[in-house]
Amino acid sequence: MNAVAERSLNVNDLISQLKARLPVLWVNNSKRAAAEALKSIKYTFDDILDAQARLYRFAPLLAELFGELGSTGGLIESDLQPVPGLRDYLWDRHGVAFDGGTVLVKADHSLPVAGSVKARGGIYEVLKFAEMLALHNNLLCCSDNYIRLSRPECREFFSSYTVSVGSTGNLGLSIGIIAAALGFRTQVHMSFEAKEWKKHRLRQHGVTVIEHETDYTSAVTAARVNAEEDPFNYFVDDENSIDLFLGYAVAAIRLKHQLRELGIKVNAGNPLFVYLPCGIGGAPGGITFGLKHVFGDAVHCFFAEPVGSPSMLLGLATGRHAAVSVYDIGLDNRTEADGLAVSAPSGFVGEMLQPLLSGAYTFPEADMFEYLYAASEIEGLKLEPSATAAFAGPAWLLTSEAGISYLEKNRLSGGETKITHILWTTGGSFVPDDEFSEFMRRGAKGGLH
Ligand SMILES: *Cc1c(COP(=O)(O)O)cnc(C)c1O
């Protein structure tokens, strides 16, 4: 059989499994050596450094606007935490027999200001827009302390602009909170799965919330069309934004320092496996892009999606990216993982990630609640369902046929290899207590309603 026929056969098998909502691990055969792959991408490490430098410039202003950032001098960052108890639970639950390494949580569920991974990209893009406006309109000079932007005349100026976005919830929350804090008018178009509490919280910040009966892709389209009619309306385009992407990528540089502080080495014999919940792809894609720059071939990144919304996996495996949707294969895009309820992936992220990503997997709905329960009971973490998507990752690699073969191919199955697994927990600290108790109740019953 020639290679093309074999590939299409495999894709057909994969699609039948996705259709049947069976959990799968898809390994990306187009992954290339990191250095070579990164050279083929037009954005570079300098772009990530530029984003990082911009966040430093804004830090004094953020510390002024958000009291909770006082202790970090205005930097929005999360902890990297060893979770030995959670590791034992996951190993036991999934029958991982041998010492498969260390497990850490990258705790973006508790990122300040927005309570989710969206605090990285979303806040960054609004800051970049505000900086551009302020520099062009002589409200700020490059050597100024950015605290100047909290002056009434700056806020007054920003209030003639609207910042708008389409979201399943968390991006809206992040953009809405930062844009309103700077004085912008703000419009958030929410898709049907957006939780009431997220809308309520935004309205309390003075944000206009426009509710849609349709899914995320349609809400984004509505927001885009609406913004096009108004030259003073800046649209944050979650499907195509390089600024969001680069804001997320900065996380990789911070992670490098945190690993060093924990005394964890990363190299060929001590690889890093990172599991990232994926919706449209911007957050996990930006983080992966950053990690590949920082750790090269020693980092292996996997995306996680619910069985009802495996859009990035489908786009990558078929090579059709944004031109394919989960509806095309008969799936319904219904999931309690509101942060991941995306029917068609970002094309630009998929294309950039094609040579960098190690693979992607899907997980069943009920597992999220069991994981959420375990994370709270064992480690005291407060997660939303989406944020547990990373938890199945290590077991896929260590126990499935496809995972073991990936390790063998990469010469990582010997006893001397020490893997560090990072579960990226992407949201949850803002979930109201009554909703969280309901998630816990479901989790205690094995994820059932
Ligand atoms: C948005 C989100 C993600 C995924 O980010 P994308 O950029 O949509 O891929 C993961 N987890 C949570 C909790 C989110 O809100």
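If you're wondering where the values come from, they're calculated on a predicted model, not measured in any experiment. As the structure lists them, so they are numbered: ligands from 1, and atoms in each ligand from 1.
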Colleague: If only atom types and distance count, is the side chain of Asn410 paired as donor or acceptor with the main-chain N or O of Tyr406 below 3.5 Å?
Modeller: yes

Colleague: Which side-chain N or O atoms in residues 255-262 pair as donor and acceptor under 3.5 Å with protein atoms at least two apart or in another chain?
Modeller:
unit_1: Gln258; atom_1: OE1; unit_2: Lys106; atom_2: NZ; d: 2.7
unit_1: Gln258; atom_1: NE2; unit_2: Ser78; atom_2: O; d: 2.8

Colleague: Would you say ligand 1 has an N or O under 3.5 Å from any N or O of Ile280?
Modeller: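 Indeed, backbone or side chain, Ile280 has an N or O that close.
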
Colleague: Check whether any N or O atom of Asn170, backbone or side chain, sits under 3.5 Å from an N or O atom of ligand 1, and answer yes or no.
Modeller: yes

Colleague: Students should be able to answer this: which protein heavy-atom is nearest to atom 14 (C) of ligand 1, and at what distance?
Modeller: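 Its nearest protein heavy-atom neighbour is Lys118 NZ, 2.8 Å.
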
Colleague: Can Ser343 and Thr217 be counted as having a side-chain donor-acceptor contact under 3.5 angstrom?
Modeller: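 Yes, because at least one side-chain N or O of Ser343 sits under 3.5 Å from a partner of the opposite role on Thr217.
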
Colleague: What atoms of ligand 1 come within less than 4.0 Å of a heavy atom belonging to Pro284?
Modeller: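 It comes down to these atoms of ligand 1: 5 (O), 6 (P), 7 (O), 9 (O).
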
Colleague: Do Gly282 and ligand 1 have an N or O pair less than 3.5 Å apart?
Modeller: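 Between Gly282 and ligand 1 (N or O atoms, distance only) the closest approach is under 3.5 Å.
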
Colleague: For atom 5 (O) of ligand 1, what is the nearest protein heavy atom, given as residue, atom name and distance?
Modeller: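 Of the protein heavy atoms, Ala283 CB, 3.4 Å lies nearest.
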
Colleague: Find out whether the Lys NZ or Arg CZ of Arg442 is both under 6.0 angstrom from the six-membered ring centre of Phe369 and within 45° of the ring's axis.
Modeller: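 Geometry flag: set, cation within 6.0 Å and 45°.
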
Colleague: By the definition side-chain contact (heavy atoms from CB on, under 4.5 Å), identify the one residue from Glu196, Arg203, Gln204 that meets it with His200.
Modeller: Gln204

Colleague: Between Phe184 and Phe129, is the ring centroid distance below 6.0 Å?
Modeller: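 Yes, the ring centres sit under 6.0 Å apart.
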
Colleague: Could you say whether the N/O atoms of Gly279 and ligand 1 ever approach to under 3.5 Å?
Modeller: yes

Colleague: Taking the six-membered ring where the residue is Trp, are the ring centres of Phe245 and Phe289 under 6.0 Å apart?
Modeller: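 Close enough - the centres of the two rings lie under 6.0 Å apart.
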
Colleague: Honestly, is Arg201 close enough over Phe430, meaning NZ or CZ under 6.0 Å from the six-membered ring centre and within 45° of the axis?
Modeller: yes

Colleague: Should you measure from each heavy atom of Pro277, which atoms of ligand 1 turn up under 4.0 Å away?
Modeller: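 What qualifies from ligand 1 is 4 (C), 10 (C).
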
Colleague: If you measure from each non-hydrogen atom of Ala387 to ligand 1, which part falls under 4.0 Å: side chain, backbone, both or neither?
Modeller: neither

Colleague: Give the numbers and elements of all ligand 1 atoms closer than 4.0 Å to a heavy atom of Gly339.
Modeller: 1 (C), 2 (C), 3 (C), 14 (C), 15 (O)

Colleague: How are the rings of Phe273 and His300 set to each other: parallel, tilted or perpendicular (split at 30° and 60°)?
Modeller: parallel

Colleague: Below the 3.5 angstrom mark, is there an N/O of Ser386, backbone or side chain, next to an N/O of ligand 1?
Modeller: no

Colleague: Among all protein heavy atoms, pick out the one at the shortest distance from atom 12 (C) of ligand 1; state its residue, atom name and that distance to 0.1 Å.
Modeller: Thr426 OG1, 3.3 Å

Colleague: What do we get for Leu340 next to ligand 1 when only non-hydrogen atoms under 4.0 Å count, side chain, backbone, both or neither?
Modeller: side chain

Colleague: Say whether Gly281, considering both its backbone and side-chain N or O atoms, lies within less than 3.5 Å of an N or O atom on ligand 1.
Modeller: yes

